Amino acid sequence: MTRVAQASGVDPWFVAQIGQLVKLRAELIDAPVLDADLLRRGKNNGLSDGQIAALRPELAGENGVRSLRNRLDIHPVFKTVDTCAAEFEAKTPYHYSSYEMDPAAETEVAAQAEKPKVLILGSGPNRIGQGIEFDYSCVHAATTLSQAGLRP
């Protein structure tokens, strides 16, 4: 890893992260059976059902991986980002889905049945340099929905 980092100029931490994904890819390809632990690790590391299907053709595509996940009871949970840093109750927190390694992980989003609401979905992970675009589009979506009488 050190040689790759030095030769490429890429920070060793990122090289190590890529190395872990390369190792996981090999495990996914070489495993005689795609068991719950390995599938959960793949999902926890951000692999889509389509990416896993490409590594495991015997699963008959993305739908086959999804069926296997359902049979193995591997589902995403929903987490919350406290937009008020616990200073007071957040009225508009961000939510995101994640595949946790702990099968008993619970969804943090509380069910609310007051009145119909609208969910604003962001596409993909929010990476460094994207924050302003993500915030800008979400704020404008929320403002427009509020003006239409809906609660995001």
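We use all heavy atoms of the structure for the numbers below, so side chains are in, but hydrogens, waters and symmetry mates are not. Please read all numbers here as calculations on a predicted model, not as lab measurements.
Ion pair Glu27/Arg41 flagged as a salt bridge, since at least one NZ, NE, NH1 or NH2 atom sits closer than 4.0 Å to an Asp/Glu carboxylate oxygen.
Summarising the geometry, atom CD1 belonging to Ile52 is positioned 11.0 Å from atom CZ belonging to Arg66; distances are rounded to the nearest 0.5 Å. Taking OG of Ser8 as the reference point, atom CZ of Arg3 lies at 12.0 Å (rounded to 0.5 Å). Summarising the geometry, atom CG belonging to Leu38 is positioned 4.5 Å from atom CG belonging to Leu28; distances are rounded to the nearest 0.5 Å. In this structure, CG on Asp49 lies 4.0 Å from NZ on Lys43, to the nearest 0.5 angstrom. Distance CD/Gln51 to CZ/Arg56: 15.5 Å, rounded to 0.5 Å.
Hydrophobic clustering (side-chain heavy atoms under 4.5 Å, transitive across Ile, Leu, Val, Met, Phe, Trp, Tyr) groups Ile29 together with Leu34. Residues Val77 and Tyr99 are members of separate hydrophobic clusters, defined by side-chain heavy-atom contacts under 4.5 angstrom among Ile, Leu, Val, Met, Phe, Trp and Tyr. Two different hydrophobic clusters hold Val22 and Leu24 under the rule that ILVMFWY side chains link at heavy-atom gaps under 4.5 Å.
Screening Asn44, Leu39, Leu68, Val65 for a side-chain contact (heavy atoms from CB on, under 4.5 Å) involving Ile74 leaves a single residue, Leu39.
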Would Asn70 and His75 count as a side chain to side chain contact (heavy atoms under 4.5 Å, CB included) here? Give the steps. CA-CA 7 Å; Asn70 287 330; His75 306 285; 2.9 Å; yes
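Here the shortest heavy-atom pairing between Glu100 and Arg40 reads O-CD, 3.2 Å. Counting all heavy atoms, side chain and backbone alike, Pro76 lies closest to Arg69 at CD-NH1, 4.4 Å.
Contact annotation: the side chain of Val4 never approaches that of Val10 to less than 4.5 Å [non-hydrogen atoms, C-beta and beyond].
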